[in-house]
Amino acid sequence: MASNQSEQDAPLDIEQIDKQHVFGTWAYQSEVSPTQVVAGDGVRFTDADGNEFLDFSGQLMCSNLGHSADKVADAVTEQVNEGAYFAPGYTTEPRARLGQKLAEVTPGNLSKTFFSTSGTEAVEAAIKIARMYTGKQKIISRYRSYHGATYGSISVTGDPRRLMAEPGIPGVIKAPDPYAYGSTLDPMESLEYIDEMLMLEGDTVAAVLVEPIVGSNGILVPPEEYLPRLKEIAHDHDALLICDEVMAGFGRTGEWFGSDVFGVTPDIMTMAKGLSGAYVPLGATIVTEEIAEHFEDNMFCHGHTYAGHPVACAAGLAAVETYQEENLIEHASEVGEYLGKQLSELADDHPSVGETRGVGLFRGIELTKDADGRVPFGQRKDKISKGSTVVDDVSSAAADNGVYVANMINTLIIAPPLPITKQDIDEAVGVLDEALVVSDDAMES
Ligand SMILES: Cc1ncc(COP(=O)(O)O)c(C=O)c1O
């Protein structure tokens, strides 16, 4: 009895319980050791030991509004209390108004949306819509890309996480990427290669699917003329252009969408993450008026129980209104330029920084162990191998000093909440300055 009582009084070891009963994602479970976090406020969050972190990656590049967007939190509470869930056959005010709002903030004649609950599902819907609309099956996507975790979306993903899901869905063909720093192909040559692919495939390709600015695979910004020309090439071959804006969307680039940076209206656009500021799970797939019109008399053969979930749509509507009311897109553009300058200065002081690149508050620091040969510390295969890389060590060093910065393969990914200030940026860059000594010291002499 006494020992039962003391067991009840002992504080729960949440990290241990979690490790025992919950899968860590994309990981060897023996290597998973989650830190318990308890609170978020503005651009910062706190762990259970009271350590505070400046969130320099917006968690998984999704907390675009920061951790205290009251309007979104209030909208969620209100909708839960008024009517948490109704079947997709009904409509609700938040769903209808968010659909209208997305037609307003997305480029050109994108006008009709299918709502889901993740970026993965948004991409699944895009693939199915492209196939239903064109009557063709093939999708061209690129090697350095991430589009989601389920079979369709991981099949169109190019990064090594796809390998364990292969052969995946049929009809997916991979193309090269615009990656000036790390590829032997010039970005514009890679584009002409896609033209050639489309020609050689005959009239069998439904869509070309790209992230307008590649996110987790290294923040790859194509040349200005790349995306407009890609749309032209796709249309020349009667294929659609799908832009996956799950990470690049909602102010990240200093424009509403990555496509806006290049003045392009895709035929289909996918969104998630910043759409709700990550307050609740929400994904969306928006299509042009012409594609929407097609489904008037052709079945839209797709849906989910939670398609257009009222609480998620209420959060999305409040999030988009917050971007507008607080001028967060303009702010991201302004502080994003400042961030870019600070990162280039950082590069000057650290030989292990191969390149800094990006747009707005969407930036990457690619590391190298041999600057002349541009030899990466982290290789693609490391993404699915055991153990940590030097890039992981740099992220850990930053965390030890109060800055959370995500990384993938060989690039530190900087995507802070949009309300970040220049002062916050100085603080985080100061910590990165110290952390990068780890990679400088690990360079090949
Ligand atoms: C460009 C892109 N598309 C799709 C996804 C998948 O989104 P989710 O993880 O919400 O399913 C991601 C996630 O990082 C992404 O970056």
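Values below: all heavy atoms of this structure, side chains included; hydrogens, waters and symmetry mates excluded. Indexing begins at 1, ligand by ligand and atom by atom, following the structure's order. Note that this is a predicted model, so its numbers are computed, not measured.
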Nearest non-hydrogen protein atom to atom 2 (C) of ligand 1, with distance, is Y146 O, 3.2 Å
Could you tell me whether some N/O pair between S216 and ligand 1 is separated by less than 3.5 angstrom?
no
Ion pair E225/R229, N-O distance below 4.0 Å:
no
Does the N or O separation between E211 and ligand 1 drop below 3.5 Å for any pair?
no
Please list, in number order, the atoms of ligand 1 under 4.0 Å from a heavy atom of G119.
6 (C), 7 (O), 8 (P), 10 (O), 11 (O)
How far is atom 3 (N) of ligand 1 from the closest protein heavy atom, and which atom is that?
D244 OD2, 2.6 Å
Could you list the residues that satisfy salt bridge (charged side-chain N to carboxylate O under 4.0 Å, His left out) with D424, not counting sequence neighbours?
R44
Please confirm whether V123 comes within less than 3.5 Å of ligand 1 when only nitrogen or oxygen atoms on both sides are compared.
no
Give the residue and atom name of whichever protein heavy atom lies nearest to atom 5 (C) of ligand 1, and the separation in Å to one decimal.
V246 CG1, 3.7 Å
Can you tell whether the side chains of R97 and E321 come within less than 4.0 Å, N to carboxylate O?
yes
When distances are taken from atom 16 (O) of ligand 1, the protein heavy atom at minimum range is M247 CE, 3.3 Å
Classify the angle between the aromatic ring planes of F300 and F295 as parallel (below 30°), tilted (30 to 60°) or perpendicular (above 60°).
perpendicular
Should the pair K112-E289 be classified as a salt bridge under the 4.0 Å nitrogen-to-oxygen rule?
no
Judged by heavy atoms only, the candidate from E245, K273, M61 nearest atom 13 (C) of ligand 1 is K273
Out of all atoms in ligand 1, which are within 4.0 Å of some heavy atom of T120? Include the element for each.
6 (C), 7 (O), 8 (P), 11 (O)
Row check, Y146 ring normal vs R161 NZ/CZ: under 6.0 Å, within 45°
yes
Regarding R162 and E166, does a basic nitrogen lie under 4.0 Å from an acidic carboxylate oxygen?
yes
